[in-house]
Protein chains: 2
Amino acid sequence: MRADRTDAIFSALADPTRRQVIRALSEQGPSTATGLAANLPVTRQAVTKHLITLADAGLVTSTRRGREKLYQISPRPLTDAVSWMADLGARWDDRLAALRDHVLTPKRRR
Amino acid sequence: MRADRTDAIFSALADPTRRQVIRALSEQGPSTATGLAANLPVTRQAVTKHLITLADAGLVTSTRRGREKLYQISPRPLTDAVSWMADLGARWDDRLAALRDHVLTPKRRR
DNA sequence: TTAGATTGCAACCCTAGGGTTGCACTATAC
DNA sequence: GTATAGTGCAACCCTAGGGTTGCAATCTAA
């Protein structure tokens with residue numbers, strides 16, 4: 001059972017600022033906490049906390065480079081959340097059923 | 001922009017008890033708050049609060065029947081959340097890209 | 001070596017919200 | 001009618017967690 005995993009992912013995604021962080025990382029590519037905070041209405045420390053939360057959920061990974069720490073997205077855990085929702089909605093919505101089938105098919109590459 | 005909508009959906013999905021409620025509704029069909037609470041480790045009032053939150057997010061709907069109030073799932077808003085995640089992950093994961101394409105295609109029926 | 005930049009850590013504030021109890025209200029059943 | 005099962009509402013408790021400030025530690029560049 002990976003209920004805790006699903007927990008972490010949905011909790012991580014629940015916060016608007018955190019979704020902004022993810023979006024920013026998605027658009028700008030790997031960035032530091034300081035760099036992200038420059039474009040957000042919160043302090044660097046707040047961003048750092050969010051990045052830690054996201055890392056705990058497996059949604060971002062970090063690599064050191066000299067004195068700075070680069071964060072980048074790791075979207076694979078999203079598949080868990082998607083499949084949770086798709087599995088749920090499959091009984092009512094045909095499109096979601098199709099999504100679930102896609103999620104459950106084995107990876108094609110990577 | 002329907003950022004508030006996405007907010008409500010992710011927040012609603014963030015709580016484990018709330019996901020249990022959704023699961024229960026999904027498996028047992030329409031139920032009352034009292035009925036749901038019988039199978040959950042929280043009181044009826046807690047379940048009622050969760051149902052209100054879910055209703056605000058559009059994830060459940062309710063209908064009166066005599067003295068009882070029946071709740072049932074309305075999974076369509078899930079599509080919003082799925083497309084948010086799929087759009088995000090599409091740049092890294094081929095499967096998620098395929099999902100996004102499915103989400104964005106117009107409905108076939110209903 | 002020294003100044004500036006960047007991260008890390010700790011303490012703290014404050015609100016949101018998940019949970020409870022208690023009671024009033026309403027509808028069904030007898 | 002009266003008892004019972006269900007809902008609705010309000011007050012309250014308490015923790016989680018999002019945000020801040022402040023400072024130490026570390027690395028780079030001049």
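We use all heavy atoms of the structure for the numbers below, so side chains are in, but hydrogens, waters and symmetry mates are not. Here is how names work: the chains are called A, B, and so on, in the same order as the sequence lines, proteins then strands, and each is numbered from 1.
- In the hydrophobic clustering of this structure, A:Ile73 does not group with A:Leu70; members are Ile, Leu, Val, Met, Phe, Trp, Tyr whose side-chain heavy atoms approach within less than 4.5 Å, directly or through other members.
- You'll find that the side chain of B:Lys69 is closest to D:dG8, out of C:dG19, D:dG8, D:dG19.
- Rounded to whole Å, the distance from CG on B:Leu51 to C1' on C:dG17 is 16 Å.
- Checking A:Arg65 against A:Ser11, the closest nucleotide of DNA chain D that is more toward the 5' end is the one next to A:Ser11.
- Going from atom CZ of B:Arg64 over to atom C1' of C:dC25 covers 11 Å, rounded to whole Å.
- A:Asp56 has its CG atom 12 Å from the P atom of D:dG18, to the nearest Å.
- Summarising the geometry, the separation between CG on B:Leu70 and P on D:dA5 is reported as 18 Å, rounded to the nearest angstrom.
- Taking the side chain of B:Lys49 as heavy atoms from C-beta on, and the options C:dG19, C:dG8, D:dG19, the nearest nucleotide is C:dG19.
- Atom CE of A:Met85 is separated from atom CG of B:Leu78 by 6.5 Å, given to the nearest 0.5 angstrom.
- Contact annotation: side chain of B:Gln45 to base of C:dG22, donor-acceptor pair present below 3.5 Å.
- Within the nucleic acid shown, B:Thr48 has no heavy atom closer than 4.0 Å to any nucleic acid atom.
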List the atom pairs, donor and acceptor, that lie under 3.5 Å between side-chain atoms in residues 43-54 of chain A and the rest of the protein, sequence neighbours left out.
from, atom 1, to, atom 2, distance (Å)
A:Thr43, OG1, A:Ala46, N, 3.4
A:Thr48, OG1, A:Arg44, O, 3.0
A:His50, ND1, A:Arg18, NH1, 3.3
A:Thr53, OG1, A:Lys49, O, 3.1

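- For D:dG19, the OP1/OP2 oxygens have no side-chain nitrogen or oxygen of A:Thr43 closer than 4.0 Å.
- Taking CG of B:Leu13 as the start and OG1 of A:Thr6 as the end, the distance is 10.5 Å to the nearest 0.5 Å.
- Atom pair A:Asp15:CG and C:dA16:C1' shows a separation of 12 Å (rounding to whole Å applied).
- Using a 4.0 Å heavy-atom distance criterion, A:Thr32 is classed as a sugar-phosphate-only contact.
- Rounded to whole angstrom, the span from the NE2 atom of B:His50 across to the P atom of D:dG8 amounts to 16 Å.
- Comparing D:dA5, C:dG22, D:dA11 by their nearest atom to the side chain of B:Arg67 picks out D:dA5.
- For the atom pair CD (A:Gln72) and OG1 (A:Thr61), the distance works out to 4.0 Å, reported to the nearest 0.5 Å.
- Across all strands shown, B:Arg18 has heavy atoms under 4.0 Å from sugar-phosphate atoms exclusively, and none from any base.
- Following rounding to the nearest Å, A:Leu36 (CG) and D:dG18 (P) show an atom-to-atom distance of 17 Å.
- In this structure, CD1 of A:Ile52 is placed 9 Å from C1' of C:dG8, rounded to the nearest angstrom.
- Which of D:dT20, D:dG19, C:dT6 sits closest to the side chain of A:Glu68 comes down to C:dT6.
- Phosphate proximity of D:dG19 to A:Thr17: present, with a side-chain N or O under 4.0 Å from OP1 or OP2.
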